[in-house]
Protein chains: 2
Amino acid sequence: MFDPATLRFDDRGLIPAIAQDAASGEVLMLAWMNAESLARTLETGRVTYWSRSRKAFWTKGESSGHVQRLVEMRIDCDRDCLLLLVDQSGPACHTNRRSCFYTAIRDGGEVEIMAPSTQS
Amino acid sequence: MFDPATLRFDDRGLIPAIAQDAASGEVLMLAWMNAESLARTLETGRVTYWSRSRKAFWTKGESSGHVQRLVEMRIDCDRDCLLLLVDQSGPACHTNRRSCFYTAIRDGGEVEIMAPSTQS
């Protein structure tokens with residue numbers, strides 16, 4: 001049995017979670033979970049983070065409709081980071097881009113490598 | 001010009017960095033950088049983290065030979081997380097597995113989905 005209590009949450013009770021598109025392998029975002037958001041994610045299959053700024057549960061897509069369905073959760077060797085393989089509806093980023101990692105460092109400058117989606 | 005001071009380091013002066021295999025898209029590991037390790041990484045092209053446990057710079061592969069060559073650094077929308085596209089020599093994980101994320105949660109239990117490499 002998997003016991004979430006065996007994970008190493010930080011001193012705020014949080015663990016970082018990387019969301020990766022299960023089909024394309026694209027890294028979409030990094031956000032944080034506490035034990036309860038992790039349990040909700042496993043129970044419902046809908047990825048639920050803990051918003052550090054709002055101090056509230058954040059079920060991805062609740063307001064935007066850009067839901068993340070959990071395909072598989074993985075744990076790293078130190079048990080202090082999660083990798084979520086997800087089925088992402090629409091853009092993952094609040095800027096309406098597919099991924100939050102749309103800025104690349106190239107030749108010492110910042111380059112935007114991804115445009116916002118024109119679909120809602 | 002890219003100015004690392006515009007990134008949002010946490011209260012310990014650290015930022016999480018996800019290493020992804022530039023060729024296969026596999027997520028290899030997550031570790032932490034401070035401003036100086038980030039500067040060294042960009043200067044040398046060899047990924048250098050900050051080890052929170054050893055409180056020291058950690059040039060990946062220095063002792064193991066399993067070097068990470070930086071292909072491209074990306075920044076997320078909140079500027080508080082890095083994505084490193086890397087060329088990884090050998091296994092990224094200290095357990096000698098290609099990726100640190102070798103444990104999957106399936107049917108409520110933990111499953112090891114990746115064997116250690118038999119090559120040194």
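Protein chains get the first letters and strands the later ones, always in sequence-line order, with residue 1 at the start of each.
Nearest heavy-atom pair across A:P91 and A:S117 is CG-CB, 4.5 Å.
Using a 4.5 Å cut-off between heavy atoms, B:L82 touches chain A through its backbone atoms (N, CA, C, O) alone.
Within residues 99-109 of chain A, the residues approaching chain B closer than 4.5 Å by heavy atoms are, in numerical order, A:C100, A:F101, A:Y102, A:T103, A:A104, A:I105, A:R106, A:G108, A:G109. Contacts of residues 48-61 of chain B with chain A at a heavy-atom distance below 4.5 Å involve B:R52, listed in sequence order. For residues 72-81 of chain A, the interface with chain B (any heavy-atom pair closer than 4.5 Å) comprises A:E72, A:M73, A:R74, A:I75, A:D76, A:C77, A:D78, A:R79, A:D80, A:C81, sorted by residue number.
The shortest side-chain heavy-atom distance between B:R69 and B:R46 does not fall under the 4.5 Å cut-off. Between A:M33 and A:L84 there is a side-chain heavy-atom pair separated by less than 4.5 Å. In this structure, A:F2 and B:V111 have side chains that are not in contact, with every pair of non-hydrogen atoms separated by 4.5 Å or more. Contact of the B:V86 side chain with the B:V71 side chain is not registered, since no non-hydrogen atoms from C-beta on lie closer than 4.5 Å.
With chain B as the partner, the residue from A:L42, A:V27, A:L85, A:D3 showing the most heavy-atom pairs under 4.5 Å is A:V27.
Pairs passing the side chain to side chain donor-acceptor pair (under 3.5 Å) check and including a residue from residues 11-20 of chain A, sequence neighbours excluded, read A:D10-A:R12.
A:I15 and A:I18 sit in two unconnected hydrophobic clusters of ILVMFWY residues. Membership requires side-chain heavy atoms under 4.5 Å apart, directly or through other members. Tracing side-chain contacts under 4.5 Å through hydrophobic residues (I, L, V, M, F, W, Y), one reaches B:V47 starting from B:M29; they form part of the same cluster. Linking ILVMFWY residues whenever their side-chain heavy atoms come closer than 4.5 Å, directly or via other members, leaves A:L70 and A:L30 in distinct clusters.
Remark: of the listed residues B:R98, B:Q68, B:Q88, B:R98 is the sole one forming a side chain to side chain donor-acceptor pair (under 3.5 Å) with B:D21.
Residues A:N34 and A:S37 bring a donor and an acceptor atom of their side chains to less than 3.5 Å of each other.
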Checklist line | side-chain contact (heavy atoms from CB on, under 4.5 Å) evaluation trace for A:V67 with A:E62 | finding: CA-CA 7 Å; A:V67 171; A:E62 209 166 31; over 6 Å; no
Next item on the list: Please report the C-alpha distance between A:F9 and A:L14 in whole Å, then the side-chain angles of each, then the deciding distance to 0.1 Å, and finally whether the side-chain contact (heavy atoms from CB on, under 4.5 Å) criterion is met.
Entry: CA-CA 5 Å; A:F9 296 92; A:L14 301 177; 5.6 Å; no
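Here the straight-line distance linking atom OG1 of A:T41 with atom CD of A:E36 works out to 9.5 Å at 0.5 Å rounding.
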